[in-house]
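Throughout, a chain's letter reflects where its sequence line sits, starting with A, and its residues are numbered from 1.
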Amino acid sequence: MYGGVEFRDYPDADNIGIMDHGCLPMIADMHKYGIRIDVPFLQSLSQRIAAIKEDNETIVGALIGNYQYRNSKGSYEPFKIGSRDHLSQLLFEELKIQGDTPIPRTPKDKRYEVSEEILEPFRESHPIVPEIIEWHSVEKLRNTYTDTLPLMVDSDSRLHTSFNATVAATGRLSSSYPNLQNIPVRTKLGKEIRRAFIAGQNMALVSSDLAQIEMVWAAHRSQDPTMLSVFRKGEDIHTRTTCNVFGLDYPEMAALIKSVDDKTATPDQLSRYAYFKQFQRLPCKTVGFGVLYGQTPEGLQSSLASDGVHWPIERCTKLINVEFFGVYPGLLRMLERDWATVKRYALCWDEFGRVRLVPEAKSVLRHIREEGVRKAGNHPEQASAQGNIKLAMAELTDIYRRMNRSAPCRPLLQIHDQLITEAHRSITQDVADIQAEILRNAVILSIPINASSDIGNCWAEL
DNA sequence: CCACGTACACCC
DNA sequence: AAACGGGTGTACGTGG
């Protein structure tokens, strides 16, 4: 029993009602406090980005000369880098940068696809391509984040997002006005934006996240012996998968990884590591993420291709169906049970009884049925993982409110498997310890749940 | 002029 | 048909 919520092996709307109401007070606190923004820093970032964009435009302008876009009426318009229609015509009809490589068309066959994923392989084919790619990436950052967020702060430079607990079918929260659950992290320039999210005077930010939480729930639900052993021993799941698939010795590979991390690796070790990482661990890791989402061999193939690993479809099929599920046969049996439930009842539920309806599962059209099964297939893990963090939020609310009476301690953000809190410097270490501790013990499974905390002056340091 | 759909990009 | 689950926001293009 966790704050009135219990495990359930049947649908139970009352149980999840208690859970969802339990985390509302913390959501209210998060909304009230808001996260502090370094507005001048964000504005300077906007300036830097504007300079990059203008350079891109100058070069593109010089390269296209007097080219103009020809619209559907046959008349000409000035070329716009931001228009997908214009890009399709310029790159694939005028310049023909694709040579004889076929380029996919948009679903309604209006034009060629011009996404970054399509353009990237032709980066070297024409000097205009990298300029266009960069223009689009920096404009995204400027329009969505650096220009917009400063307009939304209050008089204390704080940003009060709205968390919505009634949108996502799996019980996740969503965030809007602005969305603070999709702040960039992947690229160098994007991550700079996180430097603008700062702690108040004499305070620091504390972030804690649950490690591999959906995998942990999959291990618990499936009772697959190898998965259970991974989490009991505290192994890296993807490295374990890789070792079992390719017949490698786990301690040996763990030592190799450590020697590279410590920068004590010999040249021989470095090249062995490079191969291991890209051609053995990466495919296994990709499958590990993909299987819970019902990934197909084709999906795996295209995902690997964007990381420079070009595997034939047969190899992808074998990795998923033979090798991966050979390592985790219990996981496959669990997924098959879940799929059977969906096909039979057109619904499924998580470990707390949160139901997802999947009417598509009864469609006469096979592709609609399969789509329904894929959607539902991930529900038990994603929803259970949300239950995990929601129960932790409920437990932490009063602890933080009590602490906040003597020194500032304010929950700010929830990002699916992560909680970010702002606290006075005198108590940040305590908050870091408590937050991780409660995330770890909010529910007790047959394996330990791991969580860790970071402390920093800004979000980028977390 | 506004509302909406499409395609794309950002996150976990 | 689509091919990987869950979200939000923006620019562009179209149609009322």
- Query: Is A:Ala376 touching bases, backbone alone, or none of the nucleic acid, heavy atoms closer than 4.0 Å?
  - Reply: nothing
- Counting side-chain heavy atoms from C-beta on, which of C:dG7, C:dG6, C:dC4 comes nearest to A:His416? C:dG6
- First and last nucleotide of DNA chain B touching chain A, 5' to 3', heavy-atom cut-off 4.0 Å? B:dA7 to B:dC12
- Would one find a side-chain N or O of A:Ser174 under 4.0 angstrom from OP1 or OP2 of C:dG6? no
- Using the six-membered ring of A:Tyr112, assess whether NZ or CZ of A:Arg105 lies under 6.0 Å from its centre and within 45 degrees of the ring axis. yes
- Query: When we call it a touch if two heavy atoms are under 4.0 Å apart, what does A:Val114 touch: a base, just sugar-phosphate, or nothing?
  - Reply: sugar-phosphate
- Report the residues that fulfil side chain to side chain contact (heavy atoms under 4.5 Å, CB included) with A:Ile128, sequence neighbours left out, ordered by chain and then residue number. A:Val60, A:Leu63, A:Ile64, A:Leu90, A:Leu91, A:Leu95, A:His126, A:Ile132
- Would one find a side-chain N or O of A:Arg374 under 4.0 angstrom from OP1 or OP2 of C:dG5? yes
Please tabulate the protein-to-nucleotide N/O contacts below 3.5 Å involving nucleotides 13-15 of chain C, giving atom names and distances.
unit_1	atom_1	unit_2	atom_2	d
C:dG13	OP1	A:Ser83	OG	2.2
C:dG13	OP2	A:Lys80	NZ	3.4

Would you tabulate the side-chain donor-acceptor contacts of residues 313-321 of chain A under 3.5 Å, counting partners in other chains and residues two or more places apart, or write 'none'?
unit_1	atom_1	unit_2	atom_2	d
A:Arg315	NH1	A:Glu323	OE1	3.1
A:Arg315	NH2	A:Glu323	OE1	3.4
A:Thr317	OG1	A:Ile313	O	2.8

Extract all donor-acceptor atom pairs below 3.5 Å that involve side chains of residues 162-169 of chain A and protein atoms in other chains or at least two apart in sequence.
unit_1	atom_1	unit_2	atom_2	d
A:Asn164	OD1	A:Thr166	N	2.8
A:Asn164	OD1	A:Thr166	OG1	2.8

- Query: Can you name the side chain to side chain contact (heavy atoms under 4.5 Å, CB included) partners of A:Glu124, sequence neighbours left out?
  - Reply: none
- Between A:His220 and A:Trp217, how do the two ring planes meet: parallel, tilted or perpendicular, split at 30° and 60°? perpendicular
- Please assess A:Tyr67 against A:His86 for the test side chain to side chain contact (heavy atoms under 4.5 Å, CB included), listing each intermediate value before the final yes or no. CA-CA 11 Å; A:Tyr67 165 80; A:His86 292 207; 5.8 Å; no
